[in-house]
Amino acid sequence: MNISFLGNWRKRRGPASGAALMGAQEEDPQGVAQLLSECELLRARASAAGIGLDDSTASLEALDQMAPRWRDDPDELPWLGNDAGLYLGTVIVRTVPGAVWQVWPDGRPVVRLASGREVDVVEAYQQWAADGAPELCQRYAEVAEA
């Protein structure tokens, strides 16, 4: 993947940090959105389960129905939860008018809605990875209504 801001930043400073991601978001918001939408582990697990992730609300419903085989691996849980939150954010940004990624100074990505409300999509989905709640499609519906 070619993300222009990341290569330029690394040449000047080394590995990316939260502040760098925040600054890069101002410089290249589409590149940051692309980076946040990768969700490699979640996409791999979904693909193995025969679920295609096309950044649609239907794919959120399919993920909610996926057998949680990752729960057998405690090392994978936080990564999968992180990816689930980033994927939810990606679907929101691509389907809810006015929604955009915003990066806080600590590097945490959130979705900012047209109303100005910011939704921390990653935090809650650590719990989703562990026990399946709150459902991704339910959270999407709550955010899309706002």
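Because only heavy atoms are used, hydrogens play no part in the values below, and waters and symmetry mates are left out as well, while side chains stay in. For reference, positions follow the sequence shown, starting with 1.
- The side chain to side chain donor-acceptor pair (under 3.5 Å) test applied to D131 returns Q127, not counting sequence neighbours.
- Residues passing the side chain to side chain donor-acceptor pair (under 3.5 Å) test with Y125, sequence neighbours excluded: none.
- Under the 4.5 Å side-chain criterion, counting only non-hydrogen atoms from C-beta, I92 is in contact with L113.
- Residues forming a ring-ring contact (aromatic ring centres under 6.0 Å, His included) with W79 (at least two apart in sequence, or on another chain): none.
- L86 approaches P109 most closely through the heavy-atom pair CD2-CG, 3.8 Å.
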Checklist entry - Can you list the steps and then say if W101 with R112 is a side chain to side chain contact (heavy atoms under 4.5 Å, CB included)? => result CA-CA 6 Å; W101 283 108; R112 189 179 65 226; over 6 Å; no
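- Partners of D72 under the side-chain contact (heavy atoms from CB on, under 4.5 Å) rule, at least two apart in sequence or in another chain, do not exist in this structure.
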Output a table of donor-acceptor pairs, distance under 3.5 Å, between side-chain atoms of residues 134-146 and any protein atom two or more places apart or on a different chain; print 'none' if there are none.
| from | atom 1 | to | atom 2 | distance (Å) |
| --- | --- | --- | --- | --- |
| R139 | NH1 | E142 | OE1 | 3.3 |
| Y140 | OH | T95 | OG1 | 2.8 |

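- Screening residues 31-67 for ring-ring contact (aromatic ring centres under 6.0 Å, His included), with sequence neighbours left out, gives no hits.
- Considering all non-hydrogen atoms of both residues, S59 and S56 come closest at OG-O, 2.6 Å.
- At least one side-chain heavy atom of L63 sits under 4.5 Å from a side-chain heavy atom of L53.
- For residues 75-90, the salt bridge (charged side-chain N to carboxylate O under 4.0 Å, His left out) pairs, not counting sequence neighbours, are R45-E76.
- Residue pairs meeting the ring-ring contact (aromatic ring centres under 6.0 Å, His included) criterion with at least one member in residues 42-76, sequence neighbours excluded, are W70-W128.
- Nearest heavy atom pair, residue A99 against residue V111, reads CB-CG1, 4.0 Å.
- With sequence neighbours left out, the side-chain contact (heavy atoms from CB on, under 4.5 Å) criterion links A62 to I51.
- Evaluation of the side-chain contact (heavy atoms from CB on, under 4.5 Å) rule for R71 yields P68, L77 as partners, not counting sequence neighbours.
- In terms of the side-chain contact (heavy atoms from CB on, under 4.5 Å) criterion, S47 has no residue partners (sequence neighbours excluded).
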Side-chain donor/acceptor pairs under 3.5 Å, residues 114-122, sequence neighbours excluded:
| from | atom 1 | to | atom 2 | distance (Å) |
| --- | --- | --- | --- | --- |
| S115 | OG | R117 | N | 3.4 |
| E118 | OE1 | W104 | NE1 | 2.8 |
| D120 | OD1 | V122 | N | 3.3 |
| D120 | OD1 | E123 | N | 3.3 |
| D120 | OD2 | R108 | NH1 | 2.7 |

